[in-house]
Structures are given as C-alpha cells and as structure tokens.
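Just below is one structure, and these are the notes that go with it.
Sequence positions, counted from 1, serve as the residue numbers for this chain.
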Amino acid sequence: MGLTPPSASPEDALGFPVVSPHAQTPAVVVSGLVKRYGSKVAVDGLDLTLDSGSVLALLGPNGAGKTTTVEICEGFRSADAGSVRVLGLDPATEGDALRARIGVMPQGGGGYPGVRADELLNLIATCAANPLDPAWLLDVLGLSGAVRTPYKRLSGGQQQRLSLACALVGRPELVFLDEPTAGMDPQARRLVWELVGALRSDGVSVLLTTHLMDEAEALADQVVIVDAGRVVAEGTPRELTANDPDDQQLRFRTRPGLDISLLTEALPEGLRVREATHGGYLVRGRIDPQVVSTVTSWCAQQGVLAEELTVAKRSLEDVFLELTGRELRS
C-alpha cells in the first residue's frame with residue numbers, strides 16, 4: 001500500500017494539511033537554553049532553529065544534552081534560563097495547547113505491556129480532532145499482521161514502528177523522533193526514511209535525534225551537533241562535509257598486516273597512512289593522481305592488488321568524531 005491514504009488529496013503525501021514552509025515562522029526557536037541537574041550543567045546556552053517544513057537532526061554523544069533539550073521543547077521539562085518557542089508557543093506555560101499540535105516518538109516505544117497494537121493506536125486517535133485512519137497507518141508501517149499482539153510480545157522494531165504510528169496518527173504540525181529506526185531491519189528503516197520524506201512534502205516539521213550518521217545525512221535539511229550542552233557545529237550535511245583539499249581520503253583493501261611505513265616514506269610529506277580496519281587501508285591528506293599512482297605502485301611492490309580503491313569526501317561521521325572525540329562515554 002502507498003503512503004497516501006484514501007481520504008487524502010492527490011497532492012498530499014500522508015494526508016496532512018499541505019503548508020508552504022516559506023509562509024511560516026520557524027517551528028522551533030531555542031535561544032540561550034540552560035538546564036542544570038544539581039551541580040551538573042546538562043544544557044549550556046544552546047541555540048537552534050528548526051525552519052517550518054524541514055528536518056533538523058540534533059546529534060551528539062551520550063550526555064551531550066540532546067534528550068534534555070528535546071524534552072524541554074516538548075514541554076516535559078522546564079528550562080532554568082533561556083527562551084524556547086515551539087510553533088509560536090512556550091512549552092512551559094502553554095503545554096496543553098502545544099501537545100495537541102505535535103507528535104512525539106520516544107526511544108523505546110513506551111506502550112503498556114498488555115495493550116494490543118490496534119487498541120493503543122485507536123485510543124490515541126480518539127484524542128485527535130482529525131486523525132489519520134489507524135488501520136491504514138498500521139498497514140503502511142507493516143503492523144497489520146500484529147494488530148492483536150500484546151505490546152510486550154512485539155519485536156523491538158515493531159514497537160518502534162508502533163511508536164511512530166502513535167506520533168503521526170493525530171496529523172501533527174511538528175514531530176519529534178528520538179532514534180526513530182533503532183532496532184529496525186533494513187526494510188523497516190527504509191520505510192521510516194520514506195515516511196520522513198513524506199512528512200516534509202506535506203510541510204510537517206521534524207526534529208530527530210539519531211546516532212546513525214548516514215541517517216542524519218540522508219534525511220536532514222539541517223544538522224546541529226552538540227557536545228557538553230553546547231552547539232559545536234551546524235549547517236546542512238553538504239556544508240558540514242565539504243572537502244578540505246588538505247584532508248581528503250583514499251581508501252583501499254588488500255592483504256592485512258602490510259608494513260605501511262614503506263608507503264609513508266614513498267608518499268609526499270604530510271600524508272598519513274594507517275590500517276583503519278583489518279585489511280582496509282586509509283591515506284589522508286591532499287590526494288592527487290600522483291598519490292594514487294604511488295599507492296598502486298607500492299601495492300605492486302608488495303605483490304598485492306589494491307581492491308576497492310576510492311577517493312572519498314569526509315562523511316558526517318568523520319566530522320562528528322573530529323568535533324566530539326573518539327572516546328566512549330557512559
């Protein structure tokens with residue numbers, strides 16, 4: 001079944017009222033946001049703006065302040081300082097009016113263990129003024145065969161898809177998605193990506209958090225990277241991954257364990273070489289045709305063939321790790 005419900009206008013992707021994002025004020029404006037938990041500063045003067053009808057990915061390591069920021073925008077926590085406006089409303093004082101216009105998909109689902117999928121979605125639909133058809137939405141999300149299954153017996157991916165259905169059934173103007181594809185198989189993950197694209201087409205604003213950098217790169221119009229409660233970078237995925245000519249990457253695969261010191265000596269000064277994965281080699285720096293020729297000649301001298309040789313731009317994951325570090329965090 002397609003993404004357009006029977007009751008939708010032909011130009012609608014999901015049957016949401018189509019709104020021109022250019023005619024709207026920003027969906028979310030956060031200025032100088034501060035939140036403390038005792039002596040710990042979770043959010044430290046954070047600013048972000050989500051334009052109407054666009055997708056913003058809020059990225060950061062564990063403990064960076066992402067969840068706290070989103071919960072304040074949703075009206076579930078209060079700020080200690082700063083200004084927050086969501087759809088023109090103050091979540092702290094106008095929460096009831098705001099929650100009627102937003103959809104929230106928390107990580108981990110959050111359904112009652114014994115409730116069935118159709119019962120939960122139908123209950124939430126009754127609270128909306130103009131809900132989507134719950135049966136259609138369950139079908140689109142591949143849950144029609146599990147409508148009578150208790151929530152606790154759904155797989156992790158099914159629980160995530162049901163949580164997404166609950167966030168969308170009320171036709172919100174703004175959707176908050178927390179790790180929307182966690183635990184999903186590739187087919188379900190691709191479906192969620194299509195749904196996010198359909199929401200954007202209908203003018204719905206989306207603020208998502210994810211640890212999957214390829215997901216953020218594929219879906220987001222704007223990316224905000226936070227660390228220690230502060231914004232450390234923001235821009236479009238293309239802007240953030242724009243190539244520095246002195247920091248390009250050449251990757252190739254061949255026999256593991258080769259002596260890369262010999263390759264380092266043969267390359268121009270300033271290039272770095274390492275075996276990044278088992279049998280996967282990485283050369284970083286200014287990559288030109290002579291560097292490629294040197295690498296292939298070195299491989300020939302070692303009696304090996306350079307396979308999967310590519311010259312690639314920085315990925316969003318590269319940028320993320322450069323800004324936030326590579327150490328594990330609790």
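- Put simply, the side chain of Gln158 never gets that close to the backbone of Leu143: no donor and acceptor are under 3.5 Å apart.
- Contact of the Leu208 side chain with the Met105 side chain is not registered, since no non-hydrogen atoms from C-beta on lie closer than 4.5 Å.
- Scanning both residues, Ala129 and Pro131, for their nearest heavy atoms gives C-CD, 3.7 Å.
- Residue Leu33 holds its CG atom at 8.5 Å from CG of Leu48, rounded to the nearest 0.5 Å.
- Each of Val226 and Leu323 belongs to its own hydrophobic cluster when Ile, Leu, Val, Met, Phe, Trp and Tyr are linked at side-chain heavy-atom distances under 4.5 angstrom.
- Leu89 is listed as a side-chain neighbour of Arg101, based on a closest heavy-atom distance under 4.5 Å.
- Under the 4.5 Å side-chain criterion, counting only non-hydrogen atoms from C-beta, Arg77 is not in contact with Val43.
- A donor-acceptor pair under 3.5 Å links the side-chain atoms of Lys35 to the main chain of Ser78, judged by distance alone.
- Between Val84 and Cys73 the shortest side-chain heavy-atom distance falls below 4.5 Å.
- In this structure the side chain of Glu307 never reaches within 4.5 angstrom of the side chain of Thr254, judged on heavy atoms.
- Partners of Arg190 by salt bridge (Lys or Arg N to Asp or Glu O under 4.0 Å), not counting sequence neighbours: none found.
- A search for salt bridge (Lys or Arg N to Asp or Glu O under 4.0 Å) contacts involving Asp96 returns Arg99, not counting sequence neighbours.
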Exercise for the section: Starting from the C-alpha separation in whole Å, work towards a yes-or-no answer on side chain to side chain contact (heavy atoms under 4.5 Å, CB included) for Val29 and Ser31. Expected result: CA-CA 7 Å; Val29 179; Ser31 302; 4.0 Å; yes
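- Between atom OG1 of residue Thr241 and atom CZ of residue Phe320 there is a gap of 15.0 Å, rounded to the nearest 0.5 Å.
- Residue Val319 is not grouped with residue Leu212 when hydrophobic side chains (ILVMFWY) are merged at heavy-atom distances under 4.5 angstrom, including chains of intermediate members.
- At a threshold of 4.5 Å between non-hydrogen side-chain atoms, the residues Leu168 and Leu199 count as touching.
- Under the side chain to side chain contact (heavy atoms under 4.5 Å, CB included) test applied with Thr296, the options Val291, Leu309, Leu305 reduce to a single match, Leu309.
- For residues 253-292, every residue pair satisfying the ring pair (Phe, Tyr, Trp, His ring centres under 6.0 Å) rule, not counting sequence neighbours, is listed here: Phe252-Tyr281.
- Side chain of Gln248 to main chain of Ile287: a donor-acceptor pair is present (N/O by atom type, distance under 3.5 Å, no hydrogens or angles).
- Both Leu137 and Val115 are assigned to one and the same hydrophobic cluster, defined by single-linkage of ILVMFWY side chains at heavy-atom distances under 4.5 Å.
- Residues forming a salt bridge (Lys or Arg N to Asp or Glu O under 4.0 Å) with Glu119 (at least two apart in sequence, or on another chain): Arg116.
- Between the Lys66 side chain and the Pro61 main chain, a donor and an acceptor come within less than 3.5 Å of each other.
- For the pair Leu120 and Cys166, the minimum side-chain heavy-atom distance is below 4.5 Å.
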TODO: Show your reasoning for whether side chain to side chain contact (heavy atoms under 4.5 Å, CB included) applies to Leu191 and Met184.
DONE: CA-CA 10 Å; Leu191 173 62; Met184 291 187 184; over 6 Å; no
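- The structure places CG of Leu207 at 10.0 Å from CG of Asp178, a figure rounded to the nearest 0.5 Å.
- Of the inter-residue distances, the one linking Glu194 atom CD with Ser201 atom OG reads 11.5 Å to the nearest 0.5 angstrom.
- Annotation: side-chain hydrogen bond (donor to acceptor under 3.5 Å, both in side chains) contacts involving residues 214-232, sequence neighbours excluded, comprise Asp44-Arg230, Thr181-Glu215, Arg189-Asp214, Trp193-Glu215, Arg200-Asp221, Thr210-Glu215, Asp227-Arg329.
- In this structure a side-chain-to-backbone donor-acceptor pair under 3.5 Å is present from Glu179 to His211.
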- request: Starting from the C-alpha separation in whole Å, work towards a yes-or-no answer on side chain to side chain contact (heavy atoms under 4.5 Å, CB included) for Thr67 and Thr209.
  value: CA-CA 8 Å; Thr67 298; Thr209 65; 6.0 Å; no
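- Looking at heavy atoms from C-beta onward, Glu74 lies out of side-chain contact with Val86 at the 4.5 angstrom threshold.
- Under the 4.5 Å side-chain heavy-atom criterion for ILVMFWY residues, no single connected hydrophobic cluster contains both Leu121 and Val104.
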_Let's go through Thr294 and Gln290 carefully: what are the C-alpha distance in whole Å and the side-chain angles of both, what is the deciding distance for side chain to side chain contact (heavy atoms under 4.5 Å, CB included) to 0.1 Å, and is it a yes or a no?_
CA-CA 6 Å; Thr294 300; Gln290 186 58 48; 3.6 Å; yes
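- Within 6.0 Å of CZ in Arg153 there are 12 or fewer heavy atoms belonging to other residues, nucleotides or ligands.
- With Asp202 contributing its side chain and Val204 its backbone, the two residues share no donor-acceptor pair below 3.5 Å.
- Looking at every heavy atom in both residues, Leu46 comes nearest to Val30 through O-CG1, 3.5 Å.
- No donor-acceptor distance shorter than 3.5 angstrom exists from the side chain of Glu71 to the backbone of Gly75, with no hydrogens or angles considered.
- Of all the heavy atoms in Trp298 and Ile260, the pair that sits closest is CZ2-CA, 4.3 Å.
- For Gly203 against Ser52, the heavy-atom pair with the smallest separation is O-OG, 4.4 Å.
- We find the CG-CZ distance between Leu138 and Arg161 to be 10.5 Å, quoted to the nearest 0.5 Å.
- The two residues Val55 and Leu50 have their closest heavy-atom pair at C-CD1, 4.3 Å.
- Under the 4.5 Å side-chain heavy-atom criterion for Ile, Leu, Val, Met, Phe, Trp and Tyr, Trp136 and Ile124 are members of the same hydrophobic cluster.
- The salt bridge (Lys or Arg N to Asp or Glu O under 4.0 Å) check on Arg85 picks up Asp90, with sequence neighbours excluded.
- For the atom pair CG of Leu132 and CZ of Arg171, the computed distance is 4.5 Å after rounding to the nearest 0.5 Å.
- Closest of all the heavy-atom pairs between Gly279 and Pro256 is N-CB, 3.6 Å.
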